[in-house]
Each structure stands twice: as C-alpha cells, then as structure tokens.
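Each remark here refers to the structure printed beneath this line.
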Amino acid sequence: MRQNEAMELDALVERASTEIAAATDLESLAEVERSFVGKKGELVGLKKTLGQLEPEERKAAGQALNEAMSSVAAVVVDRRAVLATAAEAEQLASERLDLTEVIEEVKRGHLHLVTQARDRLEDVFVGMGFTVAEGPEVESAWYNFEALNIPEWHPARGSFDTIFVDLGEPETTMLRSHTSPVQVRTMENQEPPIYIVAPGRTFRTDTADATHLPAFNQIEGLVIDKGIGLGDLAGTIESFVGAFFGHEVKTRLRPSYFPFTEPSAEFDISTPSGDWLELGGCGVVQPKVLENCGIDPEIWQGFAFGFGIDRLAVMRYQLDDIRELVNNDVRFLRQF
Ligand code: PHE
C-alpha cells in the first residue's frame, strides 16, 4: 500500500471516530455508522478500488482496510453502549411516579363555645352533687305552664312570648319557652331528695338583637329536700358562679316574681366594667307546684333556678353581640 493511501485511510478512521463521538442519540449514531461501514459507506467504497491494485499491494491494502473497518465498528459499539444507557436512564426518569405521601397537619375542629360552656356548667354542678336531667323541646301547656302554677288566664303567660306549634287545640302545644318544664317532669318521675340540672334549648318569639336570640339555651336547677330555704339557694348560686367564672365575680339577688317560686328573685353577676348582667331567675319552689307534681309540701321544700347559657358564654368570652354565637363564622369560632 502506498504511503498517501495509508494516510488517507488513517484520516478517514479518525474522521469516523470524531463523528461517532459527536452522535448524541442512537439514531444519529446509526446514520454515521452507515455512512462509513454501510453498503454504500466510504470504507466499503474504498474496497471496490482494491481491484485496480497489483496483487502484492492488494493484499496489504485489503488488510489495512479490514483493520480500519473493524476499528470503526468497535468505536460504534462502544458509543452505542454509552448512548443506550443514557437513553434508558432518560426513559426511566420520564416514567418515574412520585408516590411520596405528603402528610399535612390534621385540621381538627373543636366544640362550639356554647357547647363548651354547657359542658363546663354540667361539670361544675356534677361536682356539687347534682345529676343531669333532660326533657323534650316540644311541650304541652301542662308542663310549660299549668303545672308551674301559670293557669290559662294568668298574665305571666304573655311574658313568655311563646312559639306555639300547630297541633291539637290552639295554644296547647309549644316549643318550650324555658327549661322549667323539666322540673315538673323530674318531680313526677323521681322521689325526693332531688338535685338536678337540666340544660337545653328554649324558644321565644324574640327578634334577634345584641342580647337576645329566638332560640337560646337555658340551664335549670332544682333541689328538693328537707329544710331547704333561700340561704341554700343563694349559697348554691354563689359557689357555681365562683367555680365557673372565678371568685372575683360577684352575684346579687333582686326581688322578682315568678308564679312557680315564692319568694322569687332575679340574679345578676358583676361584669369587669362594674355593671351587673342579668343571668336568670330563681326562688323557693311554690308549694302549689310541689302539689301538682305529687310531692307533699309539708315534708319537702326546695329551690329552683334557671338562666341563659348563651348569655353566660357572652359574658365569659367578653363578646359584644350574642348573635356571634349563631353566625357560624369559622374565623370567629376558631378563637375559642
Ligand atoms: N323559667 C324562668 C325563666 O325562664 C327562670 C326561673 C327558673 C325562675 C326557675 C325561677 C325558677 O325566666
């Protein structure tokens, strides 16, 4: 083989190596391979020229050409391996699924502040030896009024702003306007001594304003025992207010009138601003009410009280407006 032909072959192999290294994917590599060692490739083209050489030269040139072809083929094999690995990695990356579970902080709610107040009240009274009683929200005139010494003609009926239910004779069935009917139901079903509290929903025709709701919550208290009097009532109210609010809050009783207690009083608690807030009514149970429930007033005496739980929550959490309790604004409720 002549000198310049051998140099040409080396240059060709080198060019092939450079182009192979420059191929960035399997497809372009296959094209480069074809252009050098394919049927119409440059090296194969050189083979055809061998025929024009002398037999002696032909042998050496053929050998050099074969070596060149196999060295180009080896470079292609190496490059193909590199590109195949890269292509596989790329495919794996594109098919990768992120199954990592992102665990967010659990967003848990809490009890409404009226429910919290009710639960706390129950706890305080249970701690004082009371049990918790219940009654229905729809009542008959007997339980809501008559047994409580409020006969049909009695002017006190008007003061309760009752919501009647369209059932039976007019004004005989109603949404209870206070929790006092639970006093009657308890005395009918239970032998004295009785120490109960009865929290629950109550209803009146009131229009909602800053201090009133037409559907509100009361808690009733009833004690029937021997030798019970006004002093026991005042002491009970004072200890419950102390346990609920702290002992800096003062209570006061103002003479009042309820047909089912005698004497009767309204009780107020002191507010941080120095005013008094009316919380509810109370008194010594009327002998007539005991009789209506089959209890002998010569043997048993007692006291009762009833007050608004919502107002208590307003006071405890220093709210400006009782309607906040029913607006269901989570931003407000979340604070308590
Ligand atoms: N039931 C009365 C009211 O709702 C409150 C009360 C309860 C008064 C018990 C005396 C005794 O106004």
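As the structure lists them, so they are numbered: ligands from 1, and atoms in each ligand from 1. The first residue of the sequence shown is numbered 1, and numbering continues consecutively from there.
Atoms of ligand 1 lying under 4.0 Å from any heavy atom of Ala304, numbered from 1 in the order shown and given with element: 9 (C), 11 (C). Against a heavy-atom cut-off of under 4.0 Å, Cys282 is close to the following atoms of ligand 1: 8 (C), 10 (C), 11 (C). Against a heavy-atom cut-off of under 4.0 Å, Gly306 is close to the following atoms of ligand 1: 5 (C), 6 (C), 7 (C), 9 (C). Atoms of ligand 1 lying under 4.0 Å from any heavy atom of Gln183, numbered from 1 in the order shown and given with element: 9 (C).
Side-chain contact of Tyr317 with Glu324: a donor-acceptor pair under 3.5 Å is absent, judged by distance alone.
Using a 4.0 Å cut-off between charged nitrogen and carboxylate oxygen, Arg185 and Glu139 count as a salt-bridge pair.
Contacts between Phe307 and ligand 1, counted as non-hydrogen atom pairs separated by less than 4.0 Å, are absent for every part of the residue. The side chain of Ser180, and not its backbone, has at least one atom closer than 4.0 Å to an atom of ligand 1 (non-hydrogen atoms only; side chain from C-beta on).
Residue Phe125 forms a ring pair (Phe, Tyr, Trp, His ring centres under 6.0 Å) with just one option from Tyr195, Phe305, Phe244, and that option is Phe305.
Taking any N or O of Glu220, backbone or side chain, none lies under 3.5 Å from an N or O belonging to ligand 1. By the 3.5 Å distance cut-off applied to N or O atoms, Gln218 is counted among the residues near ligand 1.
In terms of protein heavy-atom proximity, atom 12 (O) of ligand 1 is closest to Phe258 CE2, 3.7 Å. Protein heavy atom closest to atom 3 (C) of ligand 1, with residue, atom name and distance, is Arg204 NH2, 3.8 Å. From the protein, the heavy atom lying nearest to atom 6 (C) of ligand 1 is Gly281 O, 3.6 Å.
Across all non-hydrogen atoms, the minimal contact from Arg157 to Pro151 is NE-O, 3.4 Å. Across every non-hydrogen atom of Phe203 and Leu175, the tightest pair is CD1-CB, 3.6 Å.
Atom CZ in Phe332 sits 6.0 Å away from atom CG in Leu325 (nearest 0.5 Å). For the atom pair CZ of Phe260 and CG of Asn292, the computed distance is 13.0 Å after rounding to the nearest 0.5 Å.
The environment of CD in Glu152 is sparse: at most 12 heavy-atom neighbours from other residues, nucleotides or ligands sit within 6.0 Å.
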